[in-house]
Amino acid sequence: MQHIENSSEYNGLTVNSGVAQPPSVNPYLTRRKRRPLPSAGELVEGILKGDVTTLARAVTLVESLSADHQAIAQEVIEKCLPHSGNSRRIGITGVPGAGKSTSIDVFGLHVLKQGGKLAVLAIDPSSERTKGSILGDKTRMEKLSLEADAFIRPSPSAGSLGGVARKTRETIVLCEAAGYNNIFVETVGVGQSETAVHSMVDFFLLIQLAGTGDELQGIKRGIMEMADGIVINKADGDNISRAQLAKAQFTSALHLFPPTTSGWMPEVLTYSGYYELGIDEVWAMIDRYFAFVKRTGYFEQKRAEQSRYWMRETIDEQLRRHFYQNPEIEKMIAEKERRVLANEQSSFTAAKDILDLYFGRFRE
Ligand code: GDP
């Protein structure tokens, strides 16, 4: 091709040929070989020995969405079940900023001092919705994370709240089989996740703050009703008297609630996670609760109810997923929705048509 730059009379800028473009992918980077999947038997053996790496690997399979991983995970869970159950499961909730991580750090060291091991799990529904998590985005539990006997695992992130919660519940089984006799399940006190946590723990601790003036405002009644203990954090410095006032207000508010099914009267305490004040008292309350429910038999009764709940939850979740993930159903729902919105069909006959298609497919 004739280029004017090639002419001897051309005085303008010239273009050098330059260097060859490197390939966009580094040729020296060979694809990392995937580690072969461990067998369920190997995993169970490692878990029962208390091997943390194996436990973490098994939990990753529990959290995975892949069918292969799930098959192994379910087998591991089944095999671990007979070795599970021997722990105190404690749910901890509070709004962001209430001091959950600070407190769990301190509470965690407290229980470790009494011997045994501690697993800290989390349910953070925000991570799926916003792709960011309320619980996991900062350095948390600095002291606890250095302890060999503490296993800290952030919230599983994939799926619906029900799915995330189920994975956490399954992880509890694995941790218990690995010898963790204290399980903390942390969640953010902002919505539905408390119900999920409540359905997998023995004791539910609600961390509150004082000093907002109108203490009881904005606290969902449902959450307070679920609490076995309410603790007012940051009772330090000039905040002590406000914390005391909040304690009195919460105590009188609790009297307005109907008696709990366990017969346990939830207690209200003040403490400071940061200055480590009143931690023994919080733990003495939790000890009192466990002694009480073990004596009355409510401990076993509640766990049995929880097992029943999770069986039903799992059925619900799987049915829903099977239905909504069917491409034909998905297409028909979109089409029917359009018709319903255009007033061409009633909501009820549209729903019936969709269900007929679904049930028709699986009748034979
Ligand atoms: P989370 O969002 O519930 O996990 O709360 P954090 O544990 O991250 O605590 C939020 C803020 O409150 C941090 O700046 C902590 O240092 C502070 N904080 C936590 N506990 C206490 C306490 O007992 N007293 C005081 N004064 N501050 C605290």
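By convention here, the first residue in the shown sequence is residue 1. Just follow the structure's listing: the first ligand is 1, and inside any ligand the first atom is 1.
Looking at Gln70 and Gln74, their side chains do bring a donor and an acceptor atom within 3.5 Å of each other. Inspection of the Ser87 and Glu176 side chains reveals an N or O donor paired with an N or O acceptor under 3.5 Å. No donor-acceptor contact under 3.5 angstrom links the side chains of Thr171 and Arg166, judged on distance only. Between the side chains of Ser103 and Tyr271, at least one donor-acceptor pair of N or O atoms lies under 3.5 Å.
Between Asn233, Leu277, Leu209, Asp236, it is Asn233 that holds the heavy atom closest to atom 20 (N) of ligand 1.
Heavy atoms of Thr102 found under 4.0 angstrom from ligand 1 belong to the backbone as well as the side chain. Contacts with ligand 1 closer than 4.0 Å are made by no heavy atom of Asn239, backbone or side chain.
When each of Glu337, Lys336, Arg338 is checked for a side chain to side chain donor-acceptor pair (under 3.5 Å) with Gln345, only Lys336 meets the rule.
Contact atoms of ligand 1 toward Pro96: 2 (O) (distance under 4.0 Å to a heavy atom of the residue). For ligand 1 and Val95, the ligand atoms under 4.0 Å from any heavy atom of the residue are 3 (O). Listed by number with element, the atoms of ligand 1 under 4.0 angstrom from any heavy atom of Gly273 are 23 (O). Within the listing of ligand 1, atoms 22 (C), 23 (O), 24 (N) sit less than 4.0 angstrom from a heavy atom of Ser272.
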Can you give each donor-acceptor pair under 3.5 Å made by side-chain atoms of residues 284-292, sequence neighbours left out, with the distance rounded to 0.1 Å?
unit_1, atom_1, unit_2, atom_2, d
Asp287, OD1, Arg88, NH1, 2.7
Asp287, OD1, Arg88, NH2, 3.1
Arg288, NE, Glu267, OE2, 3.2
Arg288, NH2, Glu267, OE1, 2.6
Arg288, NH2, Glu267, OE2, 3.4
Tyr289, OH, Asp202, O, 3.0

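For ligand 1, one of its N or O atoms has an N or O atom of Ser101 under 3.5 Å away. Geometrically, ligand 1 and Tyr275 share no nitrogen or oxygen pair separated by less than 3.5 Å.
Sorted by first and then second residue, the side-chain hydrogen bond (donor to acceptor under 3.5 Å, both in side chains) pairs involving residues 226-236 (not counting sequence neighbours) are Asp236-Ser272.
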